[in-house]
2 protein chains.
Amino acid sequence: MRKAIGIFDSGLGGLTVLKVLAQRFPNESFCYLGDIARLPYGNKSPETIRRYGLQILAFLKNQNVKAIIIACNSASTVFLGEKEFEGIPLLNVIEPGAAAALAVTTDDKIAVLGTSATIRSHAYRDTLKSMAPGVEVIEQACPLLVPLVEEGMVDDTITEQIARRYLSEIKSKNFSTVILGCTHYPVIKTDLIKVLGEDVKLVESGDALADELKALYQDNILIPDVGTRQIRVCITDLTDHFERLAHKLMFPEPITDLERVVL
Amino acid sequence: MRKAIGIFDSGLGGLTVLKVLAQRFPNESFCYLGDIARLPYGNKSPETIRRYGLQILAFLKNQNVKAIIIACNSASTVFLGEKEFEGIPLLNVIEPGAAAALAVTTDDKIAVLGTSATIRSHAYRDTLKSMAPGVEVIEQACPLLVPLVEEGMVDDTITEQIARRYLSEIKSKNFSTVILGCTHYPVIKTDLIKVLGEDVKLVESGDALADELKALYQDNILIPDVGTRQIRVCITDLTDHFERLAHKLMFPEPITDLERVVL
């Protein structure tokens, strides 16, 4: 019986993660859930985000998935340290992202950019410090970057100005490495590089998660899939706007259909 | 038995309406519901917005209100033309706003600014045309203005630039009157005036609704309240950020307590 890998996000930002995983694991099937009816999560409380997350985990379990990836950083912070959900291996983006940042930093100074919920939780800071107590962590909430990405304002002077406002103060700390602690941020990498400079290393969730997932196969916790794979993208609400955004974020990996589901 | 006036919005923007109503009706009690756990509504589908709206109407009915005001423009568009909910008078912002704009226009050219959901519905255009078939209506969605208000970017060069981008094209049509078709927009009136010019008349939901409500008392559909009034503000989620925003939007009308409720 075929078993897909489940993956969820508050909206469509997690498609940037799905895209990387779909390329790295070309034989695996995926079942994505984007909670568009209640997005964004980044400005909501931990209690509300956890309530929504548990509903989505139950939905994905019903789709008979073999593992679940919490692609949403804000949701990852409220499930930190939980390695399974009702017997299904559970992965979040925080730990792989922290490990990847520590692997590339040259000066033990790491900046974390994220939503208000992610930064307020200090999940990256605490995880980084538990892995490497001497590391210096600089945290910055960037709440307007998600709506800017959703409005398609990529490589845009206004996006650059807003990024500059968020980052001007912390830039003086001269960190070598930046964790893009939100699935939307890789989309505006060009704008962020203009502000941060070419030399700063940007750590993205997708690559870090792919390495973590690979380890689960190597440890025989997950069994590889065979045959023709399927990529399902389920959403809790649908508008023309999000449909266009979905195809844009996944390109060139095609989405054949957006399934609307009720949780 | 005391009966409050119910009022709801996707979030806290409707507090700009509550503030006006609380000043205009100093003896009336109000019960406000802000659906912070699922905000914003402006980028969601009509089906999802209506589902959320019906849950909130049921909640307010249970609070024993004597009338319900849909302060949210996006929600108003999906209840347009519905004059009651299970026997309780129901008011939306579209019709009073349209009537107020027609009362002040000097050239029969009215611009409507709103969320994607509000503009996509054409609710203002259709209502204006049904009241005054010869009127010219210019519609413009301004999706980023809500997050900018929620981030407190009031009287800010970035807000002005984003407003300029939305309005530069339609400005050439030289309209005399603009409907602020979203409860958040009165907060950034200064920024909008810088772009639109001092001479343009801005129509706000609060004032228009107050006139509509007054008519319900004059027609004896509503009975005035007596005694010490109470203003309840209920929300479906609570973070420090929204608590600060609530107090800022209501100032100088004090909020004694934010009640967290589950729908």
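Proteins come first, then strands; the chains are lettered A, B, ... in the order of their sequence lines, and each starts at number 1.
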Worksheet item: Are a donor atom and an acceptor atom from the side chains of B:Arg38 and B:Gln55 found within less than 3.5 Å of each other?
Response: yes
Fill in: Side-chain donor or acceptor of B:Asn92 paired with backbone N/O of B:Ile70 under 3.5 Å
no
Worksheet, complete the sentence: The interface call for A:Glu151 against chain B, heavy-atom contacts under 4.5 Å, is side chain
Worksheet entry | Whether over 12 other heavy atoms sit under 6.0 Å from B:Lys189 NZ | no
Discussion item. Quick check: under 4.5 Å, non-hydrogen atoms only, which of residues 162-172 of chain A neighbour chain B?
Written reply: A:Ile162, A:Arg165
Fill in: Lys/Arg N to Asp/Glu carboxylate O, A:Asp240 vs B:Arg120, below 4.0 Å
no
Worksheet item: Between A:Leu39 and chain B, which part of the residue has a heavy atom less than 4.5 Å away: side chain, backbone, both or neither?
Response: both
Worksheet item: B:Thr159 side chain to B:Met153 main-chain N or O, any donor-acceptor pair under 3.5 Å?
Response: yes
Item to complete: Using a cut-off of under 4.5 Å on heavy-atom pairs, state which of B:Arg260, B:His241, B:Glu47 scores highest against chain A.
Response: B:Arg260
Worksheet item: Which bit of B:Leu238 is near chain A, if near means a heavy-atom gap under 4.5 Å: side chain, backbone, both or neither?
Response: backbone
Worksheet item: Using a distance-only test with no angle check, is there a side-chain donor-acceptor pair under 3.5 angstrom linking B:Thr236 and B:Asp35?
Response: yes
Worksheet entry | Pairs meeting criterion ring pair (Phe, Tyr, Trp, His ring centres under 6.0 Å) with involvement of residues 33-54 of chain A, two or more places apart | A:Tyr41-A:Tyr52
Worksheet item: By salt bridge (charged side-chain N to carboxylate O under 4.0 Å, His left out), which residues pair with A:Glu150, not counting sequence neighbours?
Response: none
Worksheet, complete the sentence: Taking every heavy atom of B:Phe8 against every heavy atom of B:Ala75, the minimum-distance pair comes out as CE1-CB, 3.9 Å
Worksheet item: With no hydrogens and no angle check, is any side-chain donor or acceptor of B:Ser116 less than 3.5 Å from a backbone partner on B:Asn43?
Response: no
Worksheet entry | Segment of A:Pro40 engaging chain B (4.5 angstrom heavy-atom cut-off) | both
Worksheet, complete the sentence: Under 4.5 Å to a heavy atom of chain B? For A:Ile158 that would be both
Fill in: Between A:Asn73 and A:Thr118, a side-chain donor and acceptor under 3.5 Å
no
Discussion item. Need one label for B:Thr239: side chain, backbone, both or neither, based on atoms under 4.5 Å from any heavy atom in chain A.
Written reply: side chain
Discussion item. If we count only N and O atoms by modelled type, under 3.5 Å, do the side chains of B:Thr127 and B:Ser130 hold a donor and an acceptor together?
Written reply: no
Discussion item. If we ignore hydrogens and angles and just use 3.5 Å, is the side chain of B:Tyr124 paired with the main-chain N or O of B:Ile119 as donor and acceptor?
Written reply: no
Worksheet item: What residues of residues 138-149 of chain B sit under 4.5 Å from chain A when only non-hydrogen atoms are counted?
Response: B:Pro143, B:Leu144, B:Pro147, B:Leu148
